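Written out below as structure tokens is the structure these notes cover.
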2 protein chains.
Amino acid sequence: MTKASRPKATENTAPDGRASDAIVERIQEQILSGALLHNTPLPSERDLMERFSASRTVVREAVATLAGRGLLEAKPRYRPIIRKPGFDTALNTVGSIVQLMLQHQQGAESLFLSRVFVERGLVRDAATSATRENIAELKEALAANEAAIMDSDAFYDTDMDFHGVLYTIPENPIFPTLHSAYTTWLAPHWRRMKGSPEFNRKSYASHLAIYTAILERDPDAAEEALVTHLNVSWSSVGPTFAPE
Amino acid sequence: MTKASRPKATENTAPDGRASDAIVERIQEQILSGALLHNTPLPSERDLMERFSASRTVVREAVATLAGRGLLEAKPRYRPIIRKPGFDTALNTVGSIVQLMLQHQQGAESLFLSRVFVERGLVRDAATSATRENIAELKEALAANEAAIMDSDAFYDTDMDFHGVLYTIPENPIFPTLHSAYTTWLAPHWRRMKGSPEFNRKSYASHLAIYTAILERDPDAAEEALVTHLNVSWSSVGPTFAPE
DNA sequence: CGAAAGTTTTGGACTGACCAAATTGGGGAG
DNA sequence: CTCCCCAATTTGGTCAGTCCAAAACTTTCG
């Protein structure tokens, strides 16, 4: 105890904003520095209010803020779990807003088009600079994709995986994150209508075309194959979004 | 707006999650539907607690959540301002986490490389499909850039603007947002070191090369000019980030 | 040794109160 | 009549204390 852990009266140099912000920052530091371990639960609120000599209100607010930032995962009645931030954390925090904008097809289409844009760049780069390992992975993903043609659920997964491999090629952690963002955000709409082995076979053919173009180091061909592939997909998914 | 919804009396039967979530959702709806107008202040907390017949604690929590999602802009002592969500809102909410990752390690570099990736695609597209207006805008931005060579502050701004024009070409609202995200996130480091008219002149030359390549509808040349340009910039900015 | 019952802890929510800053309303000076 | 300044009121931020039901932790018992 010894409540005197922090004399708050003696120091007033900066314009004191929110009291919780100070706590947020302190906890944040401790999470980043590792003083609070990843995947472990946060100390109890009553504990925290002692450590920071603040009221529960403030502590609570701080916790909520941290949770909003994704540094804590706060399930309703449970202890908040500490999450060290990564690019995935960042993407997660936007999830709720993106979700809102996806309800209007305008937003969904924008997002989809951005994906096309990104993947166009990815396949071009793959065509010009994919390593042997990259190509091996692509081949593997492609094989899995072919094997799943008859099972639409599995096909969906292997489809995602194939595209996912493309995102790993730049070796930039942002891209895999982006991929999972695209898939999780668009997934609900995507899943709802999907199906025939016929359709799957066509998709697979597209994938193969992309792969082949990459193998032949032909960026333009790879890009074009990718674009037509995605456009076909969109033509059957786009309409599932709200009209206006 | 006939959805009067239930007044939530005393019930314990349902697995009610967070009480504030219900309010969050209601307010969110009202913001989206326009019942609460963009850029106007939210009603007072005491008012809200009457409307939703909840305690101030809960109302407060709801407001905090909304603010965290970017639907409200809450300055410390002022009334929260209603913000209808857009892609910019989304990017804003990630700001704090991104900021964390920028301080450290290769986070900054990853971000920068992603920018290079994006702009490569942008200039390619510009080279193949820029409209007369796009080109006119580029020309204008370029002229402004040249005129600012002697004034490093102004040069920085016109530099950003020039790149910004590229992000408008796809006519996808995500891209301008992305541009402002890149600039605001990287700005602090970028600003801290820049300077000589000498350096500016070189940058301008790069911009001109990009512009010329676009004019000549040469995607490869445009891309290459862009890459060398950004790499030069990075070589003088990158080191300003924390080592490891 | 493990499962059930019991006890303590903890997060969610509410009330009432206080303070300082923001907003508002009303004069009084120009 | 307008504009600015100062009180009166509102409002956001914070605190302390209380209640409750669900988790988490103990202990007991089969």
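No experiment lies behind these values; they were computed from the predicted model shown. Every chain is numbered from 1, with letters handed out A, B, ... down the list of sequences.
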| Nearest-Å distance for atom pair CD1/C1', residues B/I81 and D/dG12 | 14 Å

| query | Please give, in whole Å, the distance from D/dT11 C1' to B/E50 CD? | reply | 14 Å

| said: Quick check for you: among C/dG12, D/dT14, D/dT11, whose closest atom lies nearest to any side-chain atom of B/S44? | reply: D/dT11

| note | A/K75 NZ to D/dA23 P, in whole Å, measures 10 Å

| query | How many Å lie between CE on B/M49 and C1' on C/dT15, as a whole number? | reply | 9 Å

| query | Is it true that the side chains of A/Y167 and A/T177 contain a donor and an acceptor less than 3.5 Å apart? | reply | no

| To the nearest Å, how far apart are A/L42 CG and D/dA24 C1'? | 16 Å

| Nearest heavy atoms of A/L66 and A/V24, plus distance in Å | CD2-CA, 3.7 Å

| Are B/R46 and B/E50 close enough for a salt bridge, meaning some N to O gap below 4.0 Å? | no

| query | Which residues, if any, of residues 55-73 of chain B bring a heavy atom under 4.0 Å of DNA chain C? | reply | B/S55, B/R56, B/T57, B/V58, B/E61

| field | Over 12 non-hydrogen atoms of neighbours within 6.0 angstrom of CD in A/Q30 | value | yes

| said: Surrounding CD of B/Q99 (heavy atoms of other residues, nucleotides or ligands, distance under 6.0 Å), is the total greater than 12? | reply: yes

| said: Ignoring hydrogens and geometry beyond distance, is the side chain of A/R77 in donor-acceptor contact with the base of C/dG12 at under 3.5 Å? | reply: no

| request: Check the distance between D/dG12's P and B/R46's CZ and give it to me in whole angstrom. | output: 7 Å

| message | Once salt bridge (Lys or Arg N to Asp or Glu O under 4.0 Å) is applied, do any residues pair with A/R56, and if so which ones, sequence neighbours excluded? | response | A/E45

| query | Nearest-Å distance, CG (B/L48) to C1' (D/dT10)? | reply | 14 Å

| note | Between A/Y78 and A/S20, the residue closer to the 5' end of DNA chain D by nearest nucleotide is A/S20

| Is A/R79 side chain donor-acceptor paired with the C/dG11 base, going by distance under 3.5 Å alone? | no

| query | Quick one: does A/T40's side chain have a donor or acceptor within less than 3.5 Å of a partner on A/L36's backbone? | reply | no

| request: Check the distance between C/dT10's P and A/E45's CD and give it to me in whole angstrom. | output: 10 Å

